[in-house]
2 protein chains.
Amino acid sequence: MGFMQASTEQRTVQANLDEVLHEKGLRITPQRKLIFRIITATAQHVSAQQIQQELEDVFPGISLPTVYSTLELFTQLGVIHKMAINDGEMLYDTGWSHPHAHMKCNRCGRIFDLDIPPVTQQDIRSAASEGFSVDSGDLLLHGLCRECSSKADAKVED
Amino acid sequence: MGFMQASTEQRTVQANLDEVLHEKGLRITPQRKLIFRIITATAQHVSAQQIQQELEDVFPGISLPTVYSTLELFTQLGVIHKMAINDGEMLYDTGWSHPHAHMKCNRCGRIFDLDIPPVTQQDIRSAASEGFSVDSGDLLLHGLCRECSSKADAKVED
DNA sequence: CTTGGTGCAAAAATTTTGCATTCAT
DNA sequence: ATGAATGCAAAATTTTTGCACCAAG
């Protein structure tokens, strides 16, 4: 449970990835480093497609299967967090960013990060009382973002 | 726990659907009634495929597109609640069941209902302070269910 | 009757799998 | 050198779309 800032600690974070990979006897490939860098550099969560799109700029020729396998690896290593928010699309966050909830705007469809703890100690205790041991959790709020709230009769733009 | 009995309240709920449909000038078709009945009769959330599978037993020949369009209609009418929990799969709950969180077991993959309010007043206030107006929300906890907790070295069975 | 809903088939979109090639160690 | 990771293509899944037919109001 060590949280760190995304920008200033970038080097540390990158080192952390190398360390984790090395510990597990996994290879430190440029693809893995780049994919990880994109995720950590992005303030908000990203989708697999977004990652592949950004990769095209700096490292053309990376395939989606590689992106997916890397994301799956990172998820299992615990360095990123995977969640189903958009309809059939998985989104990815840094695993050691401080816990936050997500907000999906019903009008524009965008997803925002909210500085709200998604899981409370109360949640964990309540779940435990029903026999569940909680490891992590995602809170997705639905409603209207600031922009869409102000223009009450806006249309869907995404 | 906390859910309506399939038989006692079923009529009321069913009447509620008819009412909503009638109010909006929408047709009350046997497919819609059946799909709705399945969702309300199911203690837990269901997927589109589960619904279609159950439909096959009592009303063979219902197509998945019909299931989806009906689910989408119900969602927009507010009589059911749609959420992305399983990887690329949407799950559906009754819209007027009392709010509850969901728990996904990392081992067996099953999803359980938890008697925990997914969204707190604090969440709503916090979101409002950032300019968001919250309409609803989903809380998905990850961890181990009771069964999988007890048998520590169990395998994935779903 | 008339409009809207259903069913079928095919398309779209996201994620997964298999295998030959390449590269990190 | 060697075995794991990548890239490509194709498959698997879930969801959406278009059109002809049928049924609810």
Could you tell me the separation between the [atom1] atom of [X] and the [atom2] atom of [N], rounded to a whole number of Å?
X       : N      : atom1 : atom2 : answer
A/Leu21 : C/dC23 : CG    : C1'   : 16 Å
A/Leu55 : D/dT6  : CG    : P     : 11 Å
A/Gln76 : C/dT16 : CD    : P     : 11 Å
A/Leu71 : D/dA5  : CG    : C1'   : 15 Å
B/Ile85 : D/dT15 : CD1   : C1'   : 17 Å
A/Gln52 : C/dT16 : CD    : P     : 15 Å
A/Glu72 : C/dT16 : CD    : P     : 6 Å

Does a donor on one side chain sit under 3.5 Å from an acceptor on the other, for [X] and [Y]?
X        : Y        : result
B/Glu54  : B/Gln50  : no
B/Asp123 : B/Thr120 : yes
A/Thr66  : A/Ser63  : yes
B/Gln49  : B/Gln53  : no
A/His102 : A/Asp113 : yes

Is there any protein nitrogen or oxygen under 3.5 Å from a nitrogen or oxygen in nucleotides 13-15 of chain C, and what are the pairs?
unit_1: C/dT14; atom_1: OP2; unit_2: A/Gln49; atom_2: NE2; d: 3.1
unit_1: C/dT14; atom_1: O3'; unit_2: A/Gly88; atom_2: O; d: 3.0
unit_1: C/dT15; atom_1: OP1; unit_2: A/Met90; atom_2: N; d: 2.6
unit_1: C/dT15; atom_1: OP2; unit_2: A/Tyr68; atom_2: OH; d: 2.1
unit_1: C/dT15; atom_1: O5'; unit_2: A/Tyr68; atom_2: OH; d: 3.1

Do A/Val79 and A/Tyr92 sit in the same hydrophobic cluster, where Ile, Leu, Val, Met, Phe, Trp and Tyr count as joined when their side-chain heavy atoms come under 4.5 Å apart?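 Same hydrophobic cluster.
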Footprint string (nucleotides 1-9 of chain C, 5' to 3'): B base within contact, S backbone only, - free, heavy atoms under 4.0 Å: --BBSSBBB
Look at the aromatic rings of A/Phe132 and B/Phe112 and report parallel, tilted or perpendicular, splitting at 30° and 60°.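 Tilted: the ring planes of A/Phe132 and B/Phe112 meet at 30° to 60°.
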B/Asp87 bridged to B/Lys104 by N-O distance under 4.0 Å: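 Answer for the salt bridge query: yes.
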